[in-house]
Each structure stands twice: as structure tokens, then as C-alpha cells.
There are 2 protein chains.
Amino acid sequence: MNAIHPDMVNERLRGCGILPTAQRVRIASVLLAAPLHLTADQILAELRNRGEKVSKATVYNTLNLLAGKGVIRQLAVDGDRAWFDSNTTPHFHFQDVDTGALTDLPPETVRFEQLPPPPAGMEYAGIELFIRLRRV
Amino acid sequence: MNAIHPDMVNERLRGCGILPTAQRVRIASVLLAAPLHLTADQILAELRNRGEKVSKATVYNTLNLLAGKGVIRQLAVDGDRAWFDSNTTPHFHFQDVDTGALTDLPPETVRFEQLPPPPAGMEYAGIELFIRLRRV
DNA sequence: ATATGTGCAAATCCTTTGCATAGAA
DNA sequence: TTCTATGCAAAGGATTTGCACATAT
């Protein structure tokens with residue numbers, strides 16, 4: 001798996017007003033090493049795999065904290081579990097319906113010719129686009 | 001709340017190879033009365049409200065059965081709970097981020113200028129588009 | 001009679017929470 | 001110190017499941 005220098009993660013967290021504790025840096029390092037889509041359990045497994053000690057509760061707490069600060073994005077793909085995306089730029093996703101795996105859509109491959117105006121008194125808060133794929 | 005004639009539901013189920021038991025007809029009647037987005041609990045509440053006796057297990061079993069047969073569609077909006085949509089024609093949704101409520105997007109208000117081709121060996125299995133809204 | 005559906009309660013899975021301990025400022 | 005984070009285990013909420021009973025053909 002990809003690596004990112006702890007100092008970078010450290011600064012990134014500090015820059016968002018997040019106290020960069022050892023656990024938080026470990027957790028964030030997994031996701032921030034590359035544009036990735038991971039579940040809480042996958043992150044925990046990767047950390048265990050690296051021999052790094054973090055509790056499940058702290059993984060969840062930290063992921064929620066990071067998502068709240070906009071460092072990562074939480075995705076509701078299926079009702080089963082939450083996915084966390086280290087790519088916070090506007091983009092959409094392919095999803096393999098069999099494995100559940102997510103892939104970023106190259107942003108330039110999606111263009112809307114027309115989108116509905118928000119209803120009166122409402123404004124856009126985000127657009128979620130999933131293209132589900134199955135093996136031919 | 002809207003009503004639909006039980007006989008219609010009956011036939012609809014039979015047409016899909018679903019044995020139209022009393023409970024199934026009751027459950028399906030709630031959703032099929034109109035284009036609706038409801039959670040399992042909302043459906044159960046509506047049935048209780050009507051004085052109709054159905055167990056929670058049967059509501060879930062039936063909704064899964066109906067979704068499997070394509071009579072309704074299951075939506076993963078947020079990770080919290082499943083929504084069931086009686087509109088099975090291709091369409092997209094607004095979602096109020098505060099209430100979670102879903103609204104159908106008028107289909108003609110969304111047009112894609114470009115969509116990515118499916119990766120090699122894969123084919124489209126569906127497109128999910130949620131436009132999240134918040135109060136101004 | 002034989003298959004299938006229903007209901008209850010218990011079990012599961014993901015996620016959150018309470019609280020005592022550990023760490024940071 | 002004083003405030004905040006961590007970890008464990010327990011709690012929570014949505015959904016599924018096992019099994020005895022009821023219903024459909």
C-alpha cells in the first residue's frame with residue numbers, strides 16, 4: 001500500500017484545527033496516501049496489518065472528525081456500510097455491484113447538459129452520482 | 001394517504017410470480033398507491049395506522065421480495081436506513097439533507113451531455129443520482 | 001397433504017456511546 | 001493541572017434469521 005510522510009498528515013490535520021494525535025495520524029495516513037475508498041473496517045485491518053495499535057472506536061471517531069472537517073468524504077453507496085473517500089474534489093463514482101468496490105469517474109467524462117433548479121427556498125448541497133457496473 | 005384497489009395489487013403480484021397473500025397485498029398497497037419513497041418503518045407505521053396487522057419481519061421479507069422482482073426499487077440514500085421507491089422507471093432524486101425526505105426529479109430536467117463508457121468487461125447496471133438540498 | 005408464508009424473539013452487523021484511563025498543553 | 005483523546009465493552013438501531021404455527025393450493 002502507498003505511503004505518505006507523517007509530517008504531511010500532521011500538518012494537514014493541524015491546518016484543519018485537528019489535534020494530530022498518534023492514532024489520528026495513523027488513521028489519516030491510510031486514507032491520505034492516495035485517492036482511496038475504504039470502509040472503517042478496511043482501515044482498521046490495514047492498521048492492524050501494519051502492526052499499529054488503534055481501537056475500532058477511535059477509527060470511527062476519527063473518520064467522523066475528518067469527514068466533519070472536510071479532510072475526507074463519507075459516501076453512502078449501499079445501506080450496508082459507510083465508505084470514506086480521500087478525494088474531496090467534486091467527482092463521481094463507478095461501483096461494482098458484485099464486489100461493492102468504488103472507482104473514481106474521470107471528472108471530464110461526466111457532463112450534465114441540464115440539471116433541475118433547486119426548489120424554492122432550497123439550495124444545492126451536493127451531487128452524488130453512482131454508476132453501477134456488473135461483469136458482462 | 002392514497003388508495004389503490006387490492007385487486008390491482010393482487011394481479012400485479014401474481015404477474016411477477018409472487019403469491020399475493022393478505023400481508024403482501026397490504027404492504028404492497030401502501031407503496032403502489034402512488035409514486036412514493038418510504039422506509040420499512042414508515043410502511044409498518046402506516047399499516048398499523050390502518051389497523052392492519054403485519055409483523056416487522058414480514059414487512060422486510062416482502063419489501064426484499066418485491067425489490068428482487070423489480071416491483072419496487074431499494075434506494076441507498078444515506079447509510080441510516082433503506083428507502084423503497086414505488087417508481088421503477090428510470091429517474092433521479094432530490095434529497096433534503098435535513099429531513100432525509102426524497103423527491104423525484106422530473107426526468108426531463110436531467111440530461112447528460114456525456115457519460116463515461118463502462119470499463120472493459122463491464123456493463124452499466126444502473127445510474128443513481130442524488131441531488132442533496134438544504135434550506136437556504 | 002405439502003409447500004410456502006408469517007410472527008415472534010433472538011441474532012447480526014455496523015456504528016455510537018459511557019466511562020475510566022492515558023496523553024497533550 | 002486541566003482539557004481532550006483513547007479503548008473497552010455495552011448500547012443502539014436497522015435488518016435478518018430460526019423455528020413453530022398458520023395459510024395456500
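Since the structure is predicted, the reported quantities are computational estimates derived from the model, not experimental observations. So that the names make sense, note that chain A is the first sequence line, chain B the second, and so on, each numbered from 1. What's counted below: heavy atoms across the whole structure, side chains too, no hydrogens, waters or symmetry copies.
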Opposite nucleotide pairing with D:dA5, Watson-Crick or G-U, both atom distances under 3.5 Å: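 Its partner is C:dT21.
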Nearest-angstrom distance from the residue atom [atom1] of [X] to [atom2] of [N]:
X	N	atom1	atom2	result
B:Lys69	C:dG5	NZ	P	10 Å
A:Ile18	C:dA24	CD1	P	17 Å
B:Leu13	C:dT4	CG	C1'	15 Å
B:Asn10	D:dA24	CG	C1'	13 Å
B:Arg26	C:dG5	CZ	P	16 Å
B:Leu19	C:dA3	CG	P	15 Å
B:Leu65	C:dT6	CG	P	9 Å
B:Arg24	D:dT23	CZ	P	15 Å

Polar side-chain atom of A:Arg24 near backbone of A:Leu66 as donor-acceptor pair, under 3.5 Å: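 Pair absent, no side-chain N/O of A:Arg24 close to backbone of A:Leu66.
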Residue met sooner reading DNA chain D from 5', once A:Thr58 and B:Ala22 are mapped to nucleotides: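 Checking each residue's closest nucleotide, the 5'-ward one belongs to A:Thr58.
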C:dT6 phosphate, OP1 or OP2, under 4.0 Å from B:Thr21 side-chain N/O: yes
Phosphate OP1/OP2 of C:dG7 contacted by B:Gln23 side-chain N/O (<4.0 Å):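 Yes, such a contact exists.
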Inter-residue atom distance B:Leu63.CG - B:Ile72.CD1, 0.5 Å rounding: 5.0 Å
Check: B:Phe92 ring centroid to B:Phe130 ring centroid under 6.0 Å: no
Mutual orientation of the aromatic rings belonging to A:His37 and A:His93 [parallel < 30°, tilted 30-60°, perpendicular > 60°]: perpendicular
Side-chain heavy-atom pair B:Val71, B:Leu32 within 4.5 angstrom cut-off: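 Sidechains of B:Leu32 and B:Val71: in contact.
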Within 6.0 angstrom of B:Arg135 CZ, more than 12 heavy atoms from elsewhere: no
Same apolar cluster: A:Val97 and A:Val77, side chain cutoff 4.5 Å: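 In one cluster: no.
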Of the listed nucleotides D:dG7, C:dT6, C:dG5, the one nearest the side chain of A:Ser55: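 Between D:dG7, C:dT6, C:dG5, the one nearest the side chain of A:Ser55 would be D:dG7.
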B/S/- contact track for nucleotides 12-21 of chain C, protein heavy atom under 4.0 Å: --SBBB----
